[in-house]
Amino acid sequence: MKEETLQTVDINRIKNFAGLTDEHAVGNDFLIGEIKGDGSGNTNLLLPLLRYPIRFDGYIIAFIKNGHFHLDLNLRSYDLHQRSLLMVAPGNIVKLSPQLGAELDNSELFFVLVSRTFMSSIRFDINKVFQDSVRMMSNPCVTISGSDLALAEEYYAITKKILISRRSNKLDIVGSLFTSYLLFQVDLWSSRRGEIDYGETSRSSARVNQIFQQFITLVAEHHKSERGMAFYADKLCLTPKYLSKLVKQATGRSAPDWIDSFVILEAKNQLRYTDKTIKEIVFSLNFPNQSVFYKFFKTHTGKTPSEYRKG
């Protein structure tokens with residue numbers, strides 16, 4: 001039997017592990033840190049936390065200056081290399097490669113971890129960055145220019161100076177600076193949009209896209225318990241038929257298809273990364289019985305849950 005490997009971690013959990021360089025935090029809300037591999041093997045100290053997949057309860061922004069390493073994000077593999085920018089929203093499941101120690105020992109990166117609470121407290125529409133779900137789910141990693149990376153480093157350096165100062169209102173100061181950084185991030189991400197084919201309708205109206213972002217945010221939060229269109233339509237004060245039309249218009253995919261995608265991803269993660277029985281997974285995803293779950297899973301994946309678990 002496998003051990004229970006899928007953990008939800010927060011900033012406090014991460015900052016207690018060795019292996020970070022110049023790590024600075026404000027409570028459980030905001031943390032910046034660096035990993036600078038020097039060939040000494042010190043980065044292996046991170047492995048007790050990162051050996052297994054984790055679900056980070058917050059936002060992650062990471063810049064890779066040098067080197068490369070691999071990670072799985074929601075069961076998809078990505079190759080991070082020099083000048084990569086990675087952005088991860090809450091609830092996504094991250095798993096690093098078995099060769100992580102060697103890869104990090106020859107890499108250099110800096111990152112920002114932000115809690116949901118902190119993000120909701122600043123004056124910024126986070127939908128502009130993280131909840132642009134079509135793009136984020138299609139490719140959370142892009143390559144940026146050297147000048148963009150240098151500017152991001154300057155933001156990082158200023159933030160670090162604030163965090164090591166004796167100011168009593170550090171979080172407020174950092175919040176204002178981080179808002180400025182996010183505006184830079186929006187422009188940076190937008191400039192890279194044309195490099196990736198997202199299969200979306202780029203001419204959709206702002207209103208339609210706004211509804212879709214609200215819908216997908218609700219699905220991300222409630223898909224384990226709610227799979228019916230009526231629930232989401234009611235939350236958005238729309239009829240199920242009209243919501244379905246708007247989602248289809250915005251993305252080319254039906255609303256039930258989006259809901260099912262989240263449910264399948266959650267089922268795959270639990271099958272692959274936990275020791276839960278099929279019965280326990282059925283219960284956690286609010287299926288009426290195992291038979292219904294088996295049929296749903298096989299229809300979407302071509303395999304039974306047991307076959308998928310065996311690899």
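Note that the coordinates shown come from a computational prediction; the quantities given were computed from them, not determined experimentally.
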If we only count heavy atoms from C-beta on, is the [X] to [Y] side-chain gap below 4.5 Å?
X    : Y    : value
I211 : V247 : no
I35  : E108 : no
N66  : L109 : no
L243 : M229 : yes
K224 : E266 : yes
L238 : L246 : yes
H70  : L80  : no
P140 : L73  : yes

Going by atom types alone, do [X] and [Y] pair a side-chain donor with an acceptor below 3.5 Å?
X    : Y    : answer
D260 : H300 : yes
S147 : S145 : yes
Y294 : S306 : yes

What's the spacing between [X] [atom1] and [Y] [atom2] if we round to 0.5 Å?
X    : Y    : atom1 : atom2 : result
L86  : I64  : CG    : CD1   : 6.0 Å
S165 : H24  : OG    : NE2   : 11.0 Å
L71  : C141 : CG    : SG    : 7.5 Å
K241 : T239 : NZ    : OG1   : 8.0 Å
L171 : S168 : CG    : OG    : 11.5 Å
S107 : K36  : OG    : NZ    : 13.5 Å

message: Is there a side-chain contact (heavy atoms from CB on, under 4.5 Å) between T299 and K295? Walk through the geometry before answering.
response: CA-CA 6 Å; T299 297; K295 182 177 180 181; 4.3 Å; yes
Would you confirm whether [X], through its side chain, and [Y], through its main-chain N or O, come within 3.5 Å as a donor-acceptor pair?
X    : Y    : answer
N269 : L265 : yes
H223 : A220 : yes
Y232 : A255 : no
D10  : R13  : yes
R309 : L271 : yes

- prompt: Centre of F262's six-membered ring, under 6.0 Å away, within 45 degrees of the axis: is that where NZ or CZ of R227 sits?
  reply: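 Not flagged: R227 not positioned over aromatic ring of F262.
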field: Within 45° cone and under 6.0 Å: R272 NZ/CZ vs Y308 ring
entry: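 Flagged: R272 positioned over aromatic ring of Y308.
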task: Please test K160 against E34 for salt bridge (Lys or Arg N to Asp or Glu O under 4.0 Å), starting from the C-alpha separation and ending with a verdict.
output: CA-CA 11 Å; K160 183 167 71 174; E34 299 175 57; 3.7 Å; yes
- request: Apply side-chain contact (heavy atoms from CB on, under 4.5 Å) to S261 and list each qualifying residue two or more places apart in sequence or on a separate chain.
  value: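 Applying side-chain contact (heavy atoms from CB on, under 4.5 Å) to S261 gives R253, D257.
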message: Test of understanding: with side-chain contact (heavy atoms from CB on, under 4.5 Å), list the residues that count as partners of A25, not counting sequence neighbours.
response: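 Only K15, L31 meet the side-chain contact (heavy atoms from CB on, under 4.5 Å) criterion with A25.
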Can you name the closest pair of heavy atoms from [X] and [Y] and give their distance?
X    : Y    : value
N12  : G27  : OD1-O, 3.8 Å
D29  : F118 : O-CB, 3.7 Å
F296 : I264 : CE2-CD1, 3.5 Å
L285 : V263 : CD1-O, 4.3 Å
V9   : F56  : O-CD1, 3.4 Å
V174 : I162 : CG2-CG2, 3.8 Å

So that I know where these two stand, are [X] and [Y] an aromatic pair - ring centroids less than 6.0 Å apart?
X    : Y    : result
F231 : H222 : yes
W258 : F215 : no
F30  : F178 : yes
Y181 : F184 : yes

task: With sequence neighbours excluded, give me every side-chain hydrogen bond (donor to acceptor under 3.5 Å, both in side chains) pair touching residues 281-293.
output: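 For residues 281-293: Q270-S284.
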query: Is the NZ atom of K170 crowded by more than 12 outside heavy atoms at less than 6.0 Å?
result: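 Yes, because the 6.0 Å sphere around NZ of K170 holds more than 12 heavy atoms from other groups.
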message: F63 vs R83, test: side-chain contact (heavy atoms from CB on, under 4.5 Å). Steps then yes/no.
response: CA-CA 7 Å; F63 294 90; R83 292 192 290 107; over 6 Å; no
- prompt: When hydrophobic residues are tied together by side-chain contacts of less than 4.5 Å, even through go-betweens, does V292 share a cluster with F283?
  reply: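 Per the 4.5 Å side-chain linkage, V292 and F283 are not co-clustered.
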message: Tell me whether L177 shares a hydrophobic cluster with I164, the cluster being built from Ile, Leu, Val, Met, Phe, Trp, Tyr side chains joined at under 4.5 Å.
response: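 No, L177 and I164 fall in different hydrophobic clusters.
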message: Salt bridge or not between K65 and E153? Use side-chain N to carboxylate O under 4.0 Å.
response: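 So K65 pairs with E153 through a salt bridge.
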field: Test side-chain hydrogen bond (donor to acceptor under 3.5 Å, both in side chains) applied to S180 and Y155, step by step
entry: CA-CA 9 Å; S180 172; Y155 271 105; 2.9 Å; yes
Test side-chain contact (heavy atoms from CB on, under 4.5 Å) applied to I61 and F111, step by step: CA-CA 6 Å; I61 303 172; F111 57 86; over 6 Å; no
task: Check step by step if side-chain contact (heavy atoms from CB on, under 4.5 Å) holds for L182 and I122.
output: CA-CA 11 Å; L182 286 174; I122 64 176; 3.8 Å; yes
